Amino acid sequence: MMTDQISGKGATLRRLLGGCLLAVMAGQAGAAETVVGTWASPPDRKGQTGHVVIRDCGGAYCGRLERAFDPEGQEIVTKAVGEMVLRGMEPAAGGAYQGQVYVPLLDKVVAAKVEVQGDQLEVRGCAGIICNSQTWRRVH
């Protein structure tokens with residue numbers, strides 16, 4: 001009879017500790033940095049920059065180029081403004097996201113991976129074996 005009480009308490013303790021462990025792990029997963037927000041791209045070959053707004057687009061993330069700026073920081077209109085530059089970005093291992101990126105310079109959509117690192121977003125696109133990357137900064 002005594003062993004039943006001890007094993008019953010042990011099982012209760014194991015369930016309690018298991019529940020605490022799950023709660024801690026869920027808290028850590030929820031604390032992951034979000035890709036959602038407004039990100040500024042670095043200057044292109046013309047010195048122009050852009051603001052890309054990333055949001056949830058029905059289960060995956062997408063990013064639209066909302067604004068563009070000339071080298072002096074004045075807002076300009078280009079044919080890329082309004083384009084969905086990040087498409088179908090889904091969570092991948094290590095807090096990264098995989099999907100596609102539209103490259104206005106090439107007028108081409110290529111495979112992409114993005115990763116949030118604080119207030120920076122590493123954007124990497126590959127067309128076959130040729131890859132390029134940029135670091136975007138969070139605007140808000």
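Please read all numbers here as calculations on a predicted model, not as lab measurements.
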Checklist entry - With sequence neighbours excluded, what pairs up with W136 under the side-chain hydrogen bond (donor to acceptor under 3.5 Å, both in side chains) test? => result Q134
Next on the checklist: Applying side chain to side chain donor-acceptor pair (under 3.5 Å) as the test, list every pair that has at least one member in residues 101-114; sequence neighbours left out.
Outcome noted: Y102-D107
Checklist entry - So how far is it from C126 SG to N132 CG, rounded to the nearest 0.5 Å? => result 9.0 Å
Checklist outcome for this item: The reported gap from OG1 in T78 to CG in D70 (rounded to nearest 0.5 angstrom) is 11.5 Å
Item to check | Qualifying salt bridge (charged side-chain N to carboxylate O under 4.0 Å, His left out) pairs with a residue from residues 93-106, counting only residues at least two apart or across chains | outcome: none
Item to check | Qualifying disulfide (SG to SG under 2.5 Å) pairs with a residue from residues 47-85, counting only residues at least two apart or across chains | outcome: C57-C62
Checklist entry - Can you list the residues that meet the side chain to side chain contact (heavy atoms under 4.5 Å, CB included) rule with V139, with sequence neighbours excluded? => result T38, A40, H51, R137
Checklist entry - Any side-chain heavy-atom pair from V109 and V101 closer than 4.5 angstrom? => result no
Checklist outcome for this item: Taken in chain and number order and not counting sequence neighbours, the residues that satisfy salt bridge (Lys or Arg N to Asp or Glu O under 4.0 Å) with E75 are R67
Checklist entry - Looking at residues at least two apart in the chain, or sitting in another chain, which of them share a salt bridge (Lys or Arg N to Asp or Glu O under 4.0 Å) with R87? => result E83
Checklist entry - Does Q98 use its side chain to pair, donor to acceptor, with the backbone of E90 at less than 3.5 Å? => result no
Next on the checklist: Just to verify, what does K46 make a side chain to side chain contact (heavy atoms under 4.5 Å, CB included) with, not counting sequence neighbours?
Outcome noted: D44, Q48
Checklist outcome for this item: What one should report as the nearest heavy-atom pair of M89 and A112 is CE-O, 4.1 Å
Item to check | Partners meeting side chain to side chain contact (heavy atoms under 4.5 Å, CB included) with V35 (sequence neighbours left out) | outcome: I54, Y61, Y97, V114, V116, L121
Next on the checklist: Restricting to non-hydrogen atoms, name the atom on V81 and the atom on A68 that form the minimum distance, rounded to 0.1 Å.
Outcome noted: CG2-CB, 3.7 Å
Next on the checklist: Using the side-chain hydrogen bond (donor to acceptor under 3.5 Å, both in side chains) criterion, which residues pair with E122? Sequence neighbours excluded.
Outcome noted: S133, T135
Checklist entry - Applying the 4.5 Å side-chain criterion to the ILVMFWY set and letting contacts propagate, would V52 and V103 be lumped into a single cluster? => result yes
Checklist entry - Which atom pair, heavy atoms only, marks the closest approach of V110 to A127? => result CG1-CB, 3.6 Å
Item to check | Results of salt bridge (Lys or Arg N to Asp or Glu O under 4.0 Å) for D119 - residues two or more places apart only | outcome: R138
Next on the checklist: Using the side chain to side chain contact (heavy atoms under 4.5 Å, CB included) criterion, which residues pair with Q117? Sequence neighbours excluded.
Outcome noted: E115
